[in-house]
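Throughout, a chain's letter reflects where its sequence line sits, starting with A, and its residues are numbered from 1. The model shown is predicted, which means the values in this text are computed figures rather than measured ones.
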Amino acid sequence: MRSANTHGCRPRVLAQWPQLTAILLTPVLAACSDVQSIMAPQSLEAERTKQLADILFVGGTVILMVVVGLIAAALFGTPAIRARLARASTVFIGGIVFPAVTLTTLLVYGLSIIGNGFPASAKPIEIDVQGERWWWRVNYTDSTGQKIASANEIRVPVDRPVRLRLTTADVIHSFWVPRLAGKVDMIPGRINFVEFRAVAVGEFRGQCAEYCGGAHALMGTRVIALKREEFEAWMSNLRQPAREPSQPIEKRGRELFLQRGCGACHTISGIGAVGTSGPNLTHVGGRKAIAAETLPMTTENLVRWIADNEHVKPSNLMPSYGALPEPELQAIARYLFSLE
Amino acid sequence: MATRHQAHSIVELLAVLAGPAIWFTYFGLTYGTQSLLCAMAAEPDEIDPTHTRLVALLGAATVVALLGLTAVIWSGVRQHGSVFRVSDQENFLAHLQVTMAGLSAFAVLSVAIAVVLLPPCMRVFG
Amino acid sequence: MTAMVERKRQHNLPNPVPRPEGELEELRRIWEPPRGWRFITAVNNTQIGIYYIGTALTFFVLAGILAALMRMQLAVPDNDFVSQELYNQLFTMHGTIMMFLFAVPVVEAAGVLLLPQMLAARDLPFPRLSAFAFWAYLVGGSVFFASLFFGLAPSGGWFMYPPLTSGQYSPGDNADFWLLGIGFIEISAIAGAIEIVVGVLRTRAPGMRLSEMPIFAWTMLVFAGMIIFAFPAIILATMLLELERAFDWPFFIADKGGDPLLWQHLFWFFGHPEVYIIFLPAAGMVSMILPTMVQKPLVAYNLIVVALIATGFFSFGLWVHHMFTTGLPALSLGFFAAASMAVSLPSGIQVFAWIATIASGRLRLATPSLFILGFLFIFTLGGLTGVMVAMVPFNWQVHDTYFVVAHFHYVLVGGMVFPLFAALYYWAPAFSARALSERLGRWAFALMFIGFNVAFFTMHLTGLLGMPRRIYTYPAELGWGPLNLISTIGAFILAAGVSLVAFDLFRCFRITYSKAAGNIWHAGTLEWLPNHVYATRSIPIVHGREPLWDQPDLAEDVNAGRYYLPGAPTGSRETLVTSPIEAEPQYVVQMPGPSWTHVLAALFTALCFLSLTVKLVEPAILFALLAIASVIVWMWEMDPGPAKGPVDIGGGLRLPVYMTGPKSHSWWAMVVLMLVAGTLYTSYLFSYLYIWTVAPEVWPATTGQTLPPLRLPLLAGALLIASSGLMLFASRALNQPARPQRWLFPVLLLLALLSLICSLAIEILGQWQTGLRPAENSYAALTYLGAGLQGELVIALTVMALFTLARFFAGLLNTARRVTFDNTALLWHYTVGQGVFGLVLLHGFPRLVG
C-alpha cells in the first residue's frame, strides 16, 4: 500500500517491532512519527533498505533471545543441560560455526543489494544540491541545459529516477531524506550522488545528518514529489523571473528590499538583486518553510526572521534587521511572501 | 629450567601472529591497490577495461593469501597434532597459530566474497 | 599436614625459613610509600594505579554530568534549557572525555594497578614512566575540562572533522584545546603501552608460561599492541590539523590539494581499534571474574586468547565502516563490510566461552556477577546492532542517527562500563580494608541496568524515526518528543545507579597497603596473594592458571618468604625479569623510587603545551626546556650498572642485576618505541600517497615545481649512512676501555651527531632553495612534514647523544654499563633507516610519477 498521505499518523516503526515495543511504547507514541522515518519508505531505494532492516531486526531479536535463553540455561538449567553447555564444543559451535554461517549469508545478501544501487539505465533527472552553512542551494537544469536556482526545497516528479548531485560550499554536510534514500555526505573537493525514485506523491522531510557546526540542528529540507504534469508546470514557473508585485505594499517591499541592501546576498531575478551568498529568493513565496525548515512560510514568520533571525536560528550567517521600522519589515515580508 | 634460546622463542611467538598478519597484509594490499587503481581511472563511474585485470589481481592475491594461511596451519598442525583440543596447554602456541590462521582464512574469504559480488570502482548512488 | 610433607615442601621451595633478621624490615623500608604531601612523588604501581583509576572515574562522572545536561535539553521538543553553542560544546566534550579521559585511561589504570599483582611482580618495569603518564594525564585532562568554564571548549564533535575544525571555520582557540587534551592522552597511552608490553612479557612470576597467563594480562598485552599500531595514526592526524591551523599547511583544504577525507581515514584507523582497545581489557576483567564466581576454570582459554589477538588484528580492517556515506566505490565499502563480519567471530567466541563457564559451575550471584550478566545482555545486543550497521544500505540510513548513538553506547557502556563496575566490586577487597557493600551494589546494578536500557534502547527507535545525532533541538511535529523524554528519564535512573556506586566507594573504599580485606571470593589468581607495600613477600613459582587453587599453600609460603627474592639484595627497589614465553628468571632489575623529576617533567610538558595552545611562544619554549631538564635529571638516576650483582634470589639461583642487549627490559622498551615511530612514519607514508591519488595536480609534474638536484639527497643519504657507521665504531670504541684513546668514543659520537644534523639541514635547505613553501599546497606541506618527522627524531637524538656524552665523562658509561648508549644507538639506526627511506620517497616518488 503506497499512500499519498505522507503525514499519516500511523507510527510505522511500531508495526515493525511488535514483540519489543508495542507493549511498552504504544501509549506514548501517539504522535505522528513517520514524518522523517526510515521505516516509512516512499521510494524504491528506501523500501529495499527497509526490507533489509526488517530482516535484520527479526534475525537480531531471535539471536538475542537465543543468547538470553542460553544464559538462563547456564544459570538455572538442569545439571545435564549445563554439562552440555559447559563443553568447549559449545564455544566452537556457538562462537565460530554459527556466526560464520549466518554472517556469510548476511554478507552475501547485504552486498548483493548494494548492487541494486548502481545507476539505472533510464536517464535520471539531475538536480544539483549544495550544502551551505546552514541551508541547501538547489539548482535545476532545464532542457536547454540552463541552471535554475532555488533553495532548501526540492521538487521532483514521482515515479522517475532522480539523481541529486551533491557538493558543499564550506564544511562537510550530509544530505538525508530518510523516506527516499540513505544519506550521502557532501565533502569539499568531491562530488557525490544520491539516486531515488519516489513511488508516491507527497512531502518528505529531511535534514543535514553530518554535524556541520553552529545551526546544524536547524538545517532541514523538504522533498516534494509531484505528479509529472504538476512538476512540469512548477518548473516552468520557476524558470520565470520574479512575479510583479500587485499590491502597493508589495511594491514598497521590493523597493525596500533593494534599498536595504538585501540584494547584496540574495538574488531575485528581474529586479536587479543578484547576490549569491544567501538563498535565491525569486520564488521564495512558493516555498513551504523559511530558513531550511526552521519556520513555516507566513508573512509574520518572515518579519520575525528578518528582524530577529539570530534568535530563531543562532549563528546563522544573515544579519538581523531588527533596527528596521515595523512597517518596512511588513512591506518586505509581504513582498517576499508574494513571490510564488 | 632449561634455558631456551630467546631468538627461537620469539620466532615461535611471531608465528602465532602469522595468520592475522597475512590477513592484514592481504586486506591492506588489495584495498590499497583497488583504491589506487580506481582513483587513477579517469571517470569513477565508467567501467574501465583494466578492471578485468584488477579483478584477476585481487583473485590472485586471495589465492596467495589462502595458500599462505594453509602453510601456517599445516606447520602448526605438524607441531601440534589435533586442532580441536582447546584446553591443550602443552602446544599452546602451535594451537594459537592454527586457530588464528583458520579465523584469518575466514576473514580472507569474507573479503573475497565482496570481490566476487561487487564490480570494482563503481560508485553507488544510494 | 604431616611433618614429612611439610619438610618435603620446604625442601622444594627456593628459600628456607625462618628468614634472616631484618630482611622484612629492610624490604618494607625500601618500598615505604612517601607520606603526607610527598604522595605526589610516589611511583609504586598500587598508588599510581589507584590515583589513576580515581581520576578516570572522576572524569567519567564529569562527562556523565554533561550527558545529563544534554538529556535535559532533549527531553522535550523546542527546548531552550541550554544554548545551541553550549550544546555543541557539551556533546563534543562528553564524547572526548568519555573516550580519551575516561575509557582509555581507566583500562590503562586497571593495568597499572592489577598487572604487577597478577604477575607477582613488585612493580611495573618503569615505575616513573607510568607515574609521569598519570601526571601528564591529570594536568592535561583538567585543563581540557576547565576550558568548558571559559567558553573555550571545542565544539567540533569528538571526531573533529575538518574543514569544520580548520582555522577558517573554527577560528578560536577552542579546537586547539581539543588537540591539547588529545596530545596528553597520546603521550600517556604510548607510555602506558611500553610499560605494559614489557611488564607482561618480562616480569611474570617464574614458571608462568604464556599459556598460564591470566586472561587479563593477555588482554592488556593486546591492548598495548593495539595502542602501538593505532595511536600513531591519531598522533599524525592531530599534528596535521595543528600544523594546518597554526601555519596554514594545507593538508585538509581541498582547494590546495588537501582532502578532508584524509582526516577521516587517519582518525578512524585509530578510532575503530580504539573501541576494541577499550573493550578488550574489560572483556579480560570478565574472563577473570567469572571463573572465580563459578569456582571453575575458564572454559576454552585458548580460544579466548585466539579471539583477543584476532580482534586486535581484525579491528584494523574496519575503519572505513565509519565512512560508508562518504561516496566511496562500492567494492571499497564491501571490503570493510566483510571485515566487520570477520571481527564478529572473536566476540562470538568470547560470549559463548563465558556462557560455557557459567554453565560449568554454580554462579554466585554477587554484585560482580550481576554486572557481568548485565554486560552479557547489553553487549550482545550492541554486537547485533553492530552487525546491522555493518550492512551497507542499512548503514546509509542509520549512520549518524540516534540508532548509531544507541548502538555504540550499548557496545561501550555494555562492553566496558558494566565490566568495569563488576571489576570495582570484585577487586576492591584486594586494595581496600573493606569490601564494597553488597546491598548497595545490587541496587546500583538494578538502577544502572534498567536506566541504561530505558535510556538507550529507546534511542534505537528515535533513530529509526529519523532523528540525527548532534542536534540541540527538534520540532514537535517530528514526533520524537515522547521517546526522548523516556530516554531522559532512563538517563537519570542510570545516573542514580552511578551515584550509589560513588557513595559506596566513599563509604567503604579505604586504601591500604597491608590490611586489605583480601581474597573474599576465593579467587585463584596471584593478585589475591597477601599484599604489602612491597607487593608479595617473595615471588612465587607458578604452575597452572589458577595457582591459588592448584597450590593450596601458596599464599602462606609466599608470605613466609619461601619463594624467590624474599629480601632486597641490592638494597633498592627491584623485581625479577623473566623470559618472555617460558618465564624463566633472567635477572633482577633495579628500579627507581619516589621522585619529583617525573612530576616536574609532566607539569612542564603540560605548561608548554598549554602555552602553545594559547599561542604564547616564548613561555612555551621556556617550559619545554624545563621539561627536558627534568627528564634529564630523571634519567640520570637510571642505568644503575652491574656493580651490586650478581645476587642470590634463592634456590641456588644467582642472577645478575644488570643486563644489556636484547635480554634487557629497556632494550624491549626501545623496540616498542621504535615500532611506534615506525607506525607513525607509515601513517605519514599513507597520507603522502593518499593525497597524491586525490590531488596529483599539485605534484611537481603538473605545477612545474623544480625538485632539489639529485646530488643533495644523495649527499644527505651518504651522511645518514656515515652517521650510522660512526655509531657502530663508537660502540666498538666503548668496548675497548683499556685503549689509551679515551677521546675516541666522544669524538665518534659527536661526528655521528653532526652528520645526522647536517643531513637534515641539507634536506630542508635543498627544498627551501627551490622556492617550495609549505603553505603552498598539500605536496609542499607533506614534503616539509617528512623533514619535520625526521627532525623530531634528530632533536631527540641530539639530547640523547649529549646525555650519553655527559654520562661518559661522568664515568657512568663504560664497557659493562652501557645501556644508555645502546638505547641511543638503537634509535639512531632506526632514524637513519627512516631518513634514507624518506629521501628515496621525497625525491624518488615525484620523479617517478613525473
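- Residues of residues 333-342 of chain C having a heavy atom under 4.5 Å from any heavy atom of chain A, listed by number: Gly334(C), Ala337(C), Ala338(C), Met341(C).
- Residues Ala169(A) and Tyr169(C) share a closest heavy-atom pair of O-OH, 4.0 Å.
- Proximity to chain A (any heavy atom under 4.5 Å) is restricted, for Gln264(C), to the side chain, taken from C-beta onward.
- Here the closest non-hydrogen pair linking Ala359(C) and Leu85(A) is CB-CB, 3.5 Å.
- With Arg48(A) contributing its side chain and Pro393(C) its backbone, the two residues share no donor-acceptor pair below 3.5 Å.
- Between Tyr472(C) and Pro314(A) there is a side-chain heavy-atom pair separated by less than 4.5 Å.
- Side-chain contact between Ile172(A) and Pro163(C) is present, with at least one heavy-atom pair separated by less than 4.5 Å.
- Contacts with chain C were tallied for Ile187(A), Val68(A), Thr90(A); Ile187(A) has the most, counting heavy-atom pairs under 4.5 Å.
- Only the side chain of Asp259(C) comes within contact range of chain A, judged by heavy atoms closer than 4.5 Å.
- If you check the side chains of Gln397(C) and Trp176(A), you find a donor sitting under 3.5 Å from an acceptor.
- A 4.5 Å side-chain heavy-atom check between Ile63(A) and Leu384(C) finds at least one atom pair inside the cut-off.
- More than 12 non-hydrogen atoms from other residues, nucleotides or ligands lie less than 6.0 angstrom from CZ of Arg190(A).
- Phe394(C) is listed as a side-chain neighbour of Leu56(A), based on a closest heavy-atom distance under 4.5 Å.
- Between chain C and the residues Ala46(A), Pro178(A), Gly189(A), the most heavy-atom pairs under 4.5 angstrom are made by Pro178(A).
- When heavy atoms are compared at a cutoff of 4.5 Å, Ser166(C) does not approach chain A at all.
- Of the listed residues (Leu107(A), Leu166(A), Thr294(A)), the one with the most heavy-atom contacts under 4.5 Å to chain C is Leu107(A).
- Side-chain contact between Leu345(C) and Leu103(A) is present, with at least one heavy-atom pair separated by less than 4.5 Å.
- With a 4.5 angstrom heavy-atom cutoff, Thr326(C) touches chain A via backbone and side-chain atoms both.
- Between Ile38(A) atom CD1 and Leu465(C) atom CG the span is 8.5 Å, to the nearest 0.5 Å.
- Separation of atoms CH2 (Trp480(C)) and OG (Ser37(A)) is listed at 10.5 Å; rounding is to 0.5 Å.
- The minimum heavy-atom distance between Leu70(A) and Ile355(C), with the atom names listed, is O-CG2, 4.0 Å.
- One side chain, Asp185(A) or Thr325(C), offers a donor N or O that lies under 3.5 Å from an acceptor on the other.
- With hydrogens and angles disregarded, no donor-acceptor distance shorter than 3.5 Å links the side chain of Arg470(C) to the backbone of Glu210(A).
- Using a 4.5 Å cut-off on side-chain heavy atoms (C-beta onward), Val91(A) and Gln350(C) make no contact.
- Summarising the geometry, atom CD1 belonging to Ile113(A) is positioned 6.5 Å from atom CE belonging to Met391(C); distances are rounded to the nearest 0.5 Å.
- Only the side chain of Val694(C) comes within contact range of chain A, with at least one heavy atom under 4.5 Å from a heavy atom of that chain.
- In this structure, chain A has a heavy atom under 4.5 Å from the side chain of Phe91(C), while its backbone stays farther away.
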Criterion side-chain contact (heavy atoms from CB on, under 4.5 Å) on Asp170(A) and Leu164(C), from CA distance to verdict: CA-CA 8 Å; Asp170(A) 36 56; Leu164(C) 177 62; over 6 Å; no

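- For the residue pair Gln84(C) and Ser315(A), a side-chain donor N or O sits within less than 3.5 Å of a side-chain acceptor on the partner.
- In the model, Tyr211(A) has no side-chain atom that pairs as donor or acceptor with a side-chain atom of Asp400(C) under 3.5 Å.
- Proximity to chain A is limited to the side chain of Pro475(C), based on heavy atoms less than 4.5 angstrom apart.
- Atom OG1 of Thr61(A) sits about 8.5 Å away from atom CG of Leu381(C), to the nearest 0.5 Å.
- You'll find the side chain of His216(A) reaches within 4.5 Å of the side chain of Ile471(C), heavy atoms only.
- Most heavy-atom pairs under 4.5 Å with chain C: of the set Arg87(A), Arg133(A), Gln36(A), Gln207(A), this distinction falls to Gln36(A).
- In this structure, chain C has no heavy atom under 4.5 Å from any part of Ala73(A).
- Counting heavy atoms from C-beta on, the side chains of Ile96(A) and Phe352(C) never come closer than 4.5 Å.
- With a 4.5 angstrom heavy-atom cutoff, Leu373(C) touches chain A only via side-chain atoms.
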